[in-house]
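Shown next, in structure tokens, is the structure this report addresses.
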Protein chains: 2
Amino acid sequence: MESLKVAFLGPVASFSHQAAAEYFGTSATLLPHVSFGDAFAAVQGEAADYAIIPCENSTNGSVVQTLDLLIDREYRYTDVRVVAEYYLTVHHCLLARKGAFPSYRRGETRIAKLYTHPQAWGQCEIFLEKYCKGVERQDVSSTSKAGEIVAKETGEQSAAIASRFAAEHHGLDVLEENIEDKADNTTRFLILRNANSKGALFPGEDNTKNATSTTLRSLFTFMVPQEAPGTLADALLIFKEHGMNMTSINTRPSQQKPWKYVFLVECDMTSTDQSQRAVADILNGLRQVTEQCKYLGTWANQLTRS
Amino acid sequence: MESLKVAFLGPVASFSHQAAAEYFGTSATLLPHVSFGDAFAAVQGEAADYAIIPCENSTNGSVVQTLDLLIDREYRYTDVRVVAEYYLTVHHCLLARKGAFPSYRRGETRIAKLYTHPQAWGQCEIFLEKYCKGVERQDVSSTSKAGEIVAKETGEQSAAIASRFAAEHHGLDVLEENIEDKADNTTRFLILRNANSKGALFPGEDNTKNATSTTLRSLFTFMVPQEAPGTLADALLIFKEHGMNMTSINTRPSQQKPWKYVFLVECDMTSTDQSQRAVADILNGLRQVTEQCKYLGTWANQLTRS
């Protein structure tokens, strides 16, 4: 069997790369893409079997670029569907070139310079304040890039803040592990597939048809006509009427006209024989009160999975 | 009478400064603040009478820093209320040092270098592609800063993309006006005030008590208990039951626990004697099904104002 091709947001050794490697395993061919749009296009054009895309972080919230690509205002990715989700807990390590600090001791060994992505400084404040106070900091475009830089530096006694995955990729020593302030900082990834793809879903079974204890999550988008007050409430009521539990609602600009919005609604339902019917009924209901409603897929909710 | 003190997000001549100047006029003392949080703190601590804060752009959507400050997870800004809104249409100009291009002609005059904020390049793509193709570009931290740089440069034949307001502030020539691709790119600002402030609202009257044709907009936030499916739908139904038309719903992380959310709901209602009663009834209803619900204010919707 030919190996699966999976698009992820590069560079190599990024958190998206790590999520792709953990979810699809070593037999898949993981393809870095420079933008979210490129990864969507790879699935739409069937250059990749799947894409794995960050959609939400437990601390920072939604990734709006991903929401906008899912909304797909210009009908570029009409066949892209969400088929699964994957949760990756973000752990940061203090990394250095192999052998650079042979007798490293926390808070005693002098590090000349630190490299990481701007967001990571904020995520490791407590550790940095305690053990790396006053050390020069250099912002770089990704934590993976930080790892790459210290791997190549031979003169300076520098260190990077990045993942263990990046350490393995760049051949670095792990001086410290789990230096993040919040142990539960997690990113949710969506796994995308072309609706026209044939064959069984990876990992070899359609997990939406599994045990009845599974909660299924579905995603819908729609616009509300501006001249019809009360429509948003009417649209949201439809989910309730069909036994769906709304878990999140996001509002994005329609970009058709200022202050007209597209809504993205995620909802959960216990898996039963009626689940597929409920999706069809909701779509029918939405068509009557909203504009351009779309169904973007159903997948097993990994948080409630037994 | 002492002049009003108004906090805005700096630097001087920013779009926030322009919004503050247009809304409050020349008699107010406009105070630049380096962060959104500082402007909220100025209102909470009564160092400023008002703050004016961008909350949403018609193209890019919500400003999440503002949403997070309104949510106020750590009870720092408990007295901050929204009392008004102001819409500023974003127009960009091509600006140069006074006298630098005495006989400027579109597409013919050679400009050596352009300065602006990264977002502005994307907002002026059509003009730049047509008339400034191949000109060297330099990113700076704000459009106002770009204006400041070209005002000081004496050797180079450079230009900045910034507002007419920045041109006036930095004493620049306006070579071109309205070079933005989208003529209707608008930012909505919220005007904040301390709930304990005494005296009449600027501009001298409480516009929520005006003509009956005014639409009033209110803002509420609440959290939904995770173990109670259907609660979000129940909470949103409360708005409908009390005659409020929901216009936007935003979901932000609670930061209490991953995947638990805070919802921000904006809703409109025609101004009547019952409006204030409706707010109280909604709050009562929300208290029964949600957690930590808050009412953040009511103000005249400027889009529907007669």
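Side-chain atoms are counted along with the backbone in the values below, which use heavy atoms only and exclude waters and symmetry mates.
- By number of non-hydrogen pairs under 4.5 angstrom with chain A, the leading residue of B:Gly61, B:Cys267, B:Gly243, B:Pro258 is B:Pro258.
- In this structure, A:Ile249 CD1 and B:Ile249 CD1 are separated by 4.0 Å, a value rounded to the nearest 0.5 Å.
- The part of B:Phe263 that comes within reach of chain A is its side chain, from C-beta onward, which places non-hydrogen atoms under 4.5 angstrom from that chain.
- The stretch residues 265-293 of chain A participates, sequence neighbours left out, in no ring-ring contact (aromatic ring centres under 6.0 Å, His included) pair at all.
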Chain A/chain B interface donor-acceptor pairs under 3.5 Å:
{"from": "A:Glu56", "atom 1": "OE1", "to": "B:Tyr261", "atom 2": "OH", "distance (Å)": "3.4"}
{"from": "A:Glu56", "atom 1": "OE2", "to": "B:Tyr261", "atom 2": "OH", "distance (Å)": "2.4"}
{"from": "A:Thr59", "atom 1": "O", "to": "B:Gln255", "atom 2": "NE2", "distance (Å)": "2.7"}
{"from": "A:Asn60", "atom 1": "O", "to": "B:Arg252", "atom 2": "NH1", "distance (Å)": "3.0"}
{"from": "A:Asn60", "atom 1": "O", "to": "B:Arg252", "atom 2": "NH2", "distance (Å)": "3.2"}
{"from": "A:Gly230", "atom 1": "N", "to": "B:Asn245", "atom 2": "OD1", "distance (Å)": "2.7"}
{"from": "A:Asp234", "atom 1": "OD1", "to": "B:Lys240", "atom 2": "NZ", "distance (Å)": "2.5"}
{"from": "A:Lys240", "atom 1": "NZ", "to": "B:Asp234", "atom 2": "OD1", "distance (Å)": "2.5"}
{"from": "A:Asn245", "atom 1": "OD1", "to": "B:Gly230", "atom 2": "N", "distance (Å)": "2.7"}
{"from": "A:Ile249", "atom 1": "N", "to": "B:Thr251", "atom 2": "OG1", "distance (Å)": "3.1"}
{"from": "A:Ile249", "atom 1": "O", "to": "B:Thr251", "atom 2": "OG1", "distance (Å)": "2.3"}
{"from": "A:Thr251", "atom 1": "OG1", "to": "B:Ile249", "atom 2": "N", "distance (Å)": "3.1"}
{"from": "A:Thr251", "atom 1": "OG1", "to": "B:Ile249", "atom 2": "O", "distance (Å)": "2.3"}
{"from": "A:Arg252", "atom 1": "NH1", "to": "B:Asn60", "atom 2": "O", "distance (Å)": "3.0"}
{"from": "A:Arg252", "atom 1": "NH2", "to": "B:Asn60", "atom 2": "O", "distance (Å)": "3.3"}
{"from": "A:Gln255", "atom 1": "NE2", "to": "B:Thr59", "atom 2": "O", "distance (Å)": "2.7"}
{"from": "A:Tyr261", "atom 1": "OH", "to": "B:Glu56", "atom 2": "OE1", "distance (Å)": "3.4"}
{"from": "A:Tyr261", "atom 1": "OH", "to": "B:Glu56", "atom 2": "OE2", "distance (Å)": "2.4"}

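- Side-chain atoms of B:Val64 and A:Val64, non-hydrogen and from C-beta on, never get closer than 4.5 Å to each other.
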